[in-house]
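The structure under discussion appears below in the form of structure tokens.
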Amino acid sequence: MLIRIINSIEESIIAILLASMTLLVFVEVVLRFGFGMGFMWGEEVALHLSAWMVLFGVSYGIKVGSHIGVDALVKIFPETVRRVISGVAVIACLAYTGIFMKGAWVYLSKIQMLGIEMEDLPLPKWIAHSILFIGMVLIAIRLLILLWSIATGKADGFNLTDEAKDSMHLAEEAVASSTTEGGKSV
Amino acid sequence: MTTAALFFLLLLCLISGMPIAFALGLSSVTTIMLFSNDSIASIALKLFAAESEHYTLLAIPFFILSSAFLSTGGVANRIINFAIDCVGWIRGGLAMASVMACMIFAAVSGSSPATVAAIGSIVIVGMVKAGYPEELAAGVITNAGTLGILIPPSIVMLVYAAATEESAARLFMAGLLPGLMMGSMLMLVIYFVARVKKLPAQPWVGFKNLLRSSVSAGWGLMMIVIVLGSIYGGIASPTEAAAVSAVYAYFIAIFIYRDMGPLKGVPWKENENDSLAKIVSRNLILTVTALPKSIFDKDVRNVFRDASKVSIMLLFIIGNAMLFAHVLTTERIPHHLAEMIVSWGLPAWGFLIVVNILLLMAGNFMEPSAIILIMAPILFPIAVKLGIDPIHLGIIMVVNMEIGMITPPVGLNLFVTAGITGHNLTWVVKAAVPWLMLLLFFLILITYIPQISLFLPEYIDHLKGY
């Protein structure tokens, strides 16, 4: 239950970020062509919304298995070996998040101390950039959960995306709509 | 030493099965920490800058969102009906129509496997029913599906633009002619095969039906027209065009096609003999009331979820690939490679052969975007030194990636075709090989006749008076 709530909160935040950056750029285009005006801060805000979506969403991607990778080799090995390799890979990724958490912390505290503001917005830069640290913490949490499932045998590696399999639902949908009138109206 | 460490670490990370983004980032960060004096705070800043300072990159989530709205079975069917009405009456017309449908759907969806799945699942069965050999049907679709990454708007081209800081707009111009050429080449060969094998033709449906199906498919086609028109005309940047196309696609999918969302299944006419005024007012009210409902609609949420998953994955790889490219440039690796190659006296055409072989090999194991992000920063400076146009190089790389989609073991299109036909992979590979030869021939054309790619961008420059 709790997991489902967290899931839907994560999805909603990501969807809102994606929708708002799309609408922001769209409105900017309309204003520019329709009325010859625009926002000074449009570009900066859209770019930061995108950065927030990405850095917030990476951990979500690990959970739902939307990242791509090369698992052809790992798959050759028997399950135990595969789990050991995957465990090491997860620990390596944890090292990655560790390095970036440290780096982000040093960087953020430096710009916070200097009191630098955003270029076009009256907002301290460290707040806008804080997602780098937050995102890395979230990724680390997901990786720890993954490591635990690998250790207990519930998973045997990263849940990587399979684009070919993902496309198959489209095949079903296309066949379904070709048999109904829906495909022909309008 | 540094170079060796970087590539060794990258390879090690990649084969361990970790996501490509982490593999790129970790190998770069480790190399920086081992061999240079950069502080980790500055590396962290680089990653954030990579995610937040490239306005062109915003086009990627926008295009993915707009294609997520329009990559539906319903849209595929409309495009197929339109294509069959257009060219179905020619001998072998059903196969030619399939190629045409693949080209259009590919431009709308930007994804090769999605094109094969959506178009293939309908037309392969249709072709077999009409008396075509199944191998031919499957082979044609598997190959035609690859056009998704060549015909603009194309995500892979945006990725190349990001990796090399070339103009995405010019790449979109350069990709159009090769894409159309590839499609027409496939259709031409199908025509000759159809003559030899005495494949059937469909009856001509008449202008009225053609008009009806073209209006129906036209809503989707308009998206391509809007995007390419505004970019070619220099009115909008790819990012702006993509944002407009995302909003347009939302509108078409929810309120016009009604394949998803609150109006799903609601007919345009309540009764057959409604007056025009009644139809207009009724649909206007429906649209206005559905607008707020669509925000909380399950289908719309799913579109956003799918689009954001893919966008996040891609943009995170790109951010880490920029760190990787940063290590490459500070170590001057491409520069050294370029000097080495020039000192060998390798001519441009020889270099391009090497590029083709290298990319075809890489394409057997990795995703197009990932390959471009790793290879482009290395190949680009060498190509420039040898006098090869960067835009031309981009198109060569994209065509190579197309071929990678139909060569095992990672040829995504092969898996999709195997899935929709129910045959095994070997059968699909055999069916695709004759058409793969055509694609390889096309690659040679593209590689050695730069004018095919460069004609349109140069012509548009000329029109604008440069």
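Letters go in sequence order (proteins before strands), and every chain restarts at 1. These values consider heavy atoms only, across backbone and side chains, with no hydrogens, waters or symmetry-generated copies.
Between chain A and the options B:G73, B:S39, B:G419, the largest number of non-hydrogen pairs under 4.5 Å is found for B:G73. In terms of heavy-atom pairs under 4.5 angstrom with chain A, the leader among B:L412, B:T30, B:I80, B:L57 is B:L412. Here B:T72 is the residue among B:T72, B:I295, B:I43 with the most heavy-atom pairs under 4.5 Å with chain A. Ranked by heavy-atom pairs under 4.5 Å with chain B, the first of A:L132, A:L24, A:D71 is A:L132. Options A:K102, A:H169, A:R82 differ in how many heavy-atom pairs under 4.5 Å they form with chain B, and the most are formed by A:K102. By number of non-hydrogen pairs under 4.5 angstrom with chain A, the leading residue of B:A243, B:A246, B:P19 is B:P19. Note on B:Y250, B:F415, B:Y55: by heavy-atom pairs under 4.5 Å with chain A, the leading option is B:Y55. Annotation: maximal heavy-atom pairing with chain B below 4.5 Å, among A:L73, A:L23, A:V106, A:V70, occurs at A:V70. Interface check for chain B: of the options A:V54, A:V30, A:V90, A:I111, the most heavy-atom pairs under 4.5 Å are formed by A:V54. Comparing A:K110, A:E28, A:R32 by heavy-atom pairs within less than 4.5 Å of chain B, the highest count is held by A:R32.
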Problem set entry | Worked check of side-chain contact (heavy atoms from CB on, under 4.5 Å) between B:I317 and A:I68 | CA-CA 9 Å; B:I317 297 180; A:I68 56 168; 3.7 Å; yes
Exercise. Does the side-chain contact (heavy atoms from CB on, under 4.5 Å) test come out yes or no for A:S50 and B:L315, once each step is laid out?
Worked result: CA-CA 9 Å; A:S50 156; B:L315 289 172; 4.1 Å; yes
Exercise. So B:R305 and A:Y60, side-chain contact (heavy atoms from CB on, under 4.5 Å) or not? Walk me through it.
Worked result: CA-CA 11 Å; B:R305 192 193 57 208; A:Y60 171 76; 3.5 Å; yes
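Side-chain contact between B:V116 and A:S167: absent, with no pair of heavy atoms (C-beta onward) separated by less than 4.5 Å. Under the 4.5 Å side-chain criterion, counting only non-hydrogen atoms from C-beta, B:M18 is not in contact with A:L160. Taking 4.5 Å as the limit, some side-chain heavy atom of B:F22 sits within range of a side-chain heavy atom of A:V58. A:Y107 places none of its side-chain heavy atoms less than 4.5 Å from the side chain of B:I40.
Here the straight-line distance linking atom NE2 of A:H48 with atom CD of B:E51 works out to 11.5 Å at 0.5 Å rounding. Here CG of A:L17 is found 8.5 Å from CD1 of B:I312. Values are rounded to the nearest 0.5 Å. One finds the CD1 atom of A:I14 at 5.5 Å from the OG atom of B:S308 (value rounded to the nearest 0.5 Å). With values rounded to the nearest 0.5 angstrom, A:L49 atom CG is found 11.5 Å from B:S52 atom OG. Taking CZ of B:R301 as the reference point, atom OG of A:S12 lies at 4.0 Å (rounded to 0.5 Å). The distance from atom CD1 of B:I420 to atom CE of A:M168, rounded to the nearest 0.5 Å, is 6.0 Å.
For B:L12, no part lies under 4.5 angstrom from a heavy atom of chain A. Neither the backbone nor the side chain of B:R258 comes within less than 4.5 Å of any heavy atom in chain A. A:I131 touches chain B through its side chain: at least one heavy atom from C-beta onward sits under 4.5 Å away, while N, CA, C and O do not. Only the side chain of B:M366 comes within contact range of chain A, with heavy atoms under 4.5 Å apart. Looking at A:I139, only its side chain comes within 4.5 Å of chain B, counting heavy atoms on both sides. Neither the backbone nor the side chain of B:S42 comes within contact range of chain A; no heavy atoms are under 4.5 Å apart. Of the two parts of B:E240, the backbone and the side chain both hold a non-hydrogen atom closer than 4.5 Å to a non-hydrogen atom of chain A. Neither the backbone nor the side chain of B:I79 comes within contact range of chain A; no heavy atoms are under 4.5 Å apart. Neither the backbone nor the side chain of A:F133 comes within less than 4.5 Å of any heavy atom of chain B.
The residue from B:V244, B:L65, B:L58 that alone fulfils the side chain to side chain contact (heavy atoms under 4.5 Å, CB included) condition with A:T22 is B:L65.
Atom CD1 of A:I3 has 12 or fewer heavy atoms from other residues, nucleotides or ligands within 6.0 Å. More than 12 heavy-atom neighbours from other residues, nucleotides or ligands sit within 6.0 angstrom of NZ on A:K63.
Between A:H67 and B:F316, the shortest heavy-atom distance links the atoms CE1-CD2, 4.5 Å. Among all heavy-atom pairs drawn from B:P61 and A:L18, the shortest one is CB-CD1, 3.9 Å. Shown here for B:S71 and A:L170, the closest heavy-atom pair between the two residues is O-CD2, 3.3 Å. Nearest heavy-atom pair, B:S121 versus A:A174, reported as atom, atom and distance to 0.1 Å: OG-CB, 3.7 Å. Closest approach of A:S66 and B:M313 over heavy atoms only: O-CG, 3.1 Å. Minimum interatomic distance between A:V74 and B:I15 (heavy atoms only, all atoms of both residues): CG2-O, 3.3 Å.
Using a 4.5 Å cut-off between non-hydrogen atoms, the part of residues 149-158 of chain A that approaches chain B consists of A:F158.
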Can I get a per-line list of side-chain donor-acceptor pairs under 3.5 Å for residues 92-101 of chain A, giving both atom names and the distance, sequence neighbours left out?
residue	atom	partner	partner atom	Å
A:Y96	OH	B:N320	OD1	2.6
A:Y96	OH	B:N320	ND2	3.4
A:T97	OG1	A:L94	O	2.7

Side chains of residues 38-46 of chain A: which donor-acceptor partners sit under 3.5 Å, not counting sequence neighbours?
residue	atom	partner	partner atom	Å
A:E44	OE1	A:D120	N	2.9
A:E44	OE1	A:L121	N	3.4
A:E44	OE2	A:E119	N	3.1

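Listed by chain and number, the residues in a side-chain contact (heavy atoms from CB on, under 4.5 Å) with A:A15 are B:F304 (sequence neighbours excluded).
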